[in-house]
Amino acid sequence: MEVAYIILSVLLAGYFLILYDLPVVGGSILASGAGERMGVRILMPVLLLAGVVAPCLFPEAVYPLTEGLTMPADGVDALSVGIATAASAVMVGTFSRYPAVPYAFIASLAGIGVAQGIPLQPAAFRYVLSWITGPVVCALLAAGIYSICSSFLRRGKTHMAIQEGKVLFASSLVSLILLFAVAFNNSMVFSFLPSGKGWLTIAVAAGCPLAAWFAVRSKVLANKYSVADNDLDINSLSILSLILAMTLAFSLFSSGLPAKVGLVATPLPAGTLYLAALLGISMVRERALVDGGELLKGGVAAFVSPVLGFLVAYCMGLILDGRVVSTLVFLGILLFLGVISYYRHLQDSLALQRQALLSGEQRAYSTQKSLSALEVRAEMTEQDLRNKLDAKRKELVDFAVGVSDQKEFMEKIYDDLAEVRAMDGGDAKDEAMDSLLGALRERMYFTREMNDFYARSEVLNEDFNMRLKSMFPNLTEGERKLANLLRQGFSSKYIASLMNITPKSVEINRSRLRAKLGLQRSDNLISFIKSI
């Protein structure tokens with residue numbers, strides 16, 4: 001029966017540790033990019049279990065995390081500590097996302113001991129100092145690490161992509177150490193496990209976290225992605241500094257080093273260290289990386305969690321001694337806990353309803369906006385089609401007029417040639433023939449067609465022509481026409497035909513244009529014109 005109580009206590013404390021602390025750790029790793037690496041994802045559960053089981057395998061090598069505190073006398077007392085820890089986590093969780101579950105657990109041990117008539121040991125007060133010192137040390141570490149790393153990266157001449165790769169590699173290594181350090185530091189929930197039980201102790205130590213994990217898996221994953229996507233939208237160096245500072249803080253307070261300065265090794269809440277590290281980095285960057293209200297609530301949670309854990313455990317200890325008044329007090333606490341839990345559930349439900357309503361309104365607004373955009377686009381498309389249709393009609397009309405004009409000209413030439421042919425030889429016939437040749441020569445210049453071509457080209461390249469005139473006002477009309485033709489990709493041969501000049505003249509005009517544009521011999525004329 002004692003083992004059953006112990007398992008229940010471990011499950012209760014472990015449940016809330018996983019619910020509140022694991023998303024912070026996992027979200028930080030995911031935000032760094034290390035969580036996307038297959039090797040890190042495979043080793044994460046292995047290192048977490050290894051950190052939990054290590055104290056059971058090597059109890060003599062592990063610094064006692066509950067030094068100076070009285071352990072519960074039996075399994076019932078152990079269950080009381082688990083219930084007190086859970087009650088504290090639930091009540092604090094109503095106003096903060098970061099209840100200090102490890103602090104509540106240690107305070108519950110003290111509360112059950114005081115209820116049994118055992119006075120607080122001097123080490124209990126050193127725990128309080130350690131709880132205050134731990135987050136402060138983490139904030140200072142984060143600030144120092146960020147300052148050093150950012151200074152080092154600024155002095156380096158490595159490409160930014162290579163720097164990001166190095167930061168990601170470092171984050172992957174530190175993330176694995178962080179996982180083990182967190183699990184090892186918070187293995188105090190297994191301090192109740194009876195020593196000497198061998199594989200039973202190890203099975204409980206490994207099985208309870210797994211059972212708690214499957215109970216809260218969906219919430220943990222949702223909160224983890226919320227931390228990564230919403231809270232840690234910062235640069236990779238800040239996240240690396242955060243992870244490294246938390247790793248060092250967990251490792252430091254799992255060793256005997258704090259005892260050398262009058263403190264104690266103690267379990268630390270990941271959420272409290274997380275907020276402290278963000279505060280430290282914010283001071284260096286002179287930019288707030290965490291909301292002030294969230295920071296205040298996290299600080300209050302770190303203070304309230306152990307107080308509630310102590311009071312609830314103390315009341316339960318009194319109940320175990322059969323004191324009626326104490327029983328009523330404890331029932332009042334449970335009733336208060338129930339009201340708070342119901343209120344929180346009601347608030348969450350209302351928040352979800354408001355969010356669903358807001359999402360529906362946003363979807364309706366987005367749909368309406370999309371429909372309006374489609375209507376505008378449809379009107380623009382319709383107008384564009386009308387313009388294109390009008391242009392095609394005009395081209396067709398112009399083509400018909402051109403055909404008719406050419407037909408009339410050819411008929412006139414035909415009639416004139418017939419008259420010349422019927423004439424007798426002499427000056428009159430030669431004069432009439434010269435007149436016909438002149439008419440044909442003039443027609444070969446396609447003056448009207450060329451003017452129409454240049455007019456259309458002016459319209460199509462209006463922006464280019466405006467920029468060309470603005471940048472080079474000294475260009476002649478012919479030089480601007482030449483620039484237009486070159487921009488459209490015509491060769492010198494076609495330009496000569498269109499401008500009714502020789503190819504040699506085109507080359508001379510190109511040289512003059514280059515000079516007026518201020519181009520050097522090595523500069524490409526067409527590339528320069530297209531860049532205008």
Side-chain angles (χ1 to χ4, degrees), residues 20-21 23-37 40 96-98 100 131-179 181-182 223-253 268-303:
Y20 289 112
D21 284 21
V24 172
V25 177
S28 302
I29 295 173
L30 188 64
S32 71
E36 299 296 335
R37 292 195 162 189
V40 175
S96 175
R97 297 163 55 193
Y98 309 106
W131 293 343
I132 298 173
T133 305
V136 173
V137 169
C138 187
L140 295 175
L141 285 171
I145 292 169
Y146 183 83
S147 298
I148 295 171
C149 292
S150 59
S151 176
F152 177 77
L153 291 178
R154 280 196 300 268
R155 287 199 303 266
K157 297 182 180 179
T158 311
H159 191 274
M160 186 177 295
I162 298 177
Q163 289 183 355
E164 286 293 323
K166 291 181 179 179
V167 171
L168 176 59
F169 179 74
S171 298
S172 302
L173 293 180
V174 177
S175 296
L176 296 176
I177 303 173
L178 173 62
L179 291 168
V182 170
N223 293 337
K224 180 179 73 171
Y225 283 102
S226 176
V227 169
D229 297 335
N230 302 325
D231 300 343
L232 291 180
D233 187 15
I234 54 181
N235 62 34
S236 56
L237 183 58
S238 297
I239 299 175
L240 172 60
S241 303
L242 166 75
I243 296 174
L244 185 54
M246 291 175 63
T247 302
L248 292 175
F250 278 120
S251 302
L252 177 63
F253 282 87
L268 296 173
T272 306
L273 295 188
Y274 166 80
L275 294 175
L278 286 178
L279 176 62
I281 299 171
S282 300
M283 290 188 296
V284 176
R285 294 186 59 183
E286 297 181 351
R287 174 195 167 197
L289 302 181
V290 59
D291 181 70
E294 197 71 51
L295 190 63
L296 178 62
K297 289 190 290 186
V300 172
F303 171 78

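Values in this document were obtained by computation on a predicted structure and should not be read as measured data.
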**Message:** Let me confirm one number: the CD1-CG distance from Ile145 to Leu140, rounded to the nearest 0.5 Å.
**Reply:** 10.5 Å

**Prompt:** What closest approach, in Å, do Ala181 and Phe250 show between heavy atoms, and which atom pair accounts for it?
**Reply:** CB-CB, 3.9 Å

**Fill in**
The reported gap from CG in Leu240 to OG in Ser28 (rounded to nearest 0.5 angstrom) is 11.5 Å

**Message:** Quick check: closest heavy atoms across Ala270 and Val24, and the distance to 0.1 Å?
**Reply:** O-CG1, 3.9 Å

**Item:** Listed partners of Glu36 passing side chain to side chain donor-acceptor pair (under 3.5 Å), at least two apart
**Value:** none

**Prompt:** Rounded to the nearest 0.5 Å, what separation is found between the CZ atom of Phe303 and the OG1 atom of Thr272?
**Reply:** 13.5 Å

**Complete:** One should read off an interatomic distance between Leu252 CG and Thr247 OG1, to the nearest 0.5 angstrom, of 12.5 Å

**Fill in**
So OG of Ser32 and CZ of Arg37: to nearest 0.5 Å the spacing works out to 9.5 Å

**Residues in ring-ring contact (aromatic ring centres under 6.0 Å, His included) contact with Tyr146, at least two apart in sequence or another chain** = none

**Asked** So which of Leu237, Ile239, Leu242 actually passes side chain to side chain contact (heavy atoms under 4.5 Å, CB included) with Ile281?
**Response** Leu242

**Request:** Could I get the full list of side-chain contact (heavy atoms from CB on, under 4.5 Å) partners for Val227, not counting sequence neighbours?
**Result:** Arg97, Asp231, Leu232, Tyr274

**Prompt:** Mind checking what makes side-chain contact (heavy atoms from CB on, under 4.5 Å) contact with Ala228, not counting sequence neighbours?
**Reply:** Leu30, Ala31

Which atom pairs, one a donor and one an acceptor, fall under 3.5 Å between side chains of residues 285-302 and the rest of the protein, sequence neighbours left out?
unit_1	atom_1	unit_2	atom_2	d
Arg285	NH1	Ser238	OG	3.0
Asp291	OD2	Gly293	N	3.0
Asp291	OD2	Glu294	N	3.2

What donor-acceptor contacts under 3.5 angstrom involve side-chain atoms of residues 171-178, with partners at least two apart or in another chain?
unit_1	atom_1	unit_2	atom_2	d
Ser171	OG	Val167	O	2.8
Ser172	OG	Leu168	O	2.9
Ser175	OG	Ser171	O	2.5

**Request:** Could you tell me which non-hydrogen atom of Ala276 sits nearest to which non-hydrogen atom of Ala139, and how far apart they are?
**Result:** O-CB, 3.2 Å

**Asked** What's the shortest heavy-atom distance between Ala249 and Cys138, and which atoms?
**Response** CB-CB, 4.0 Å

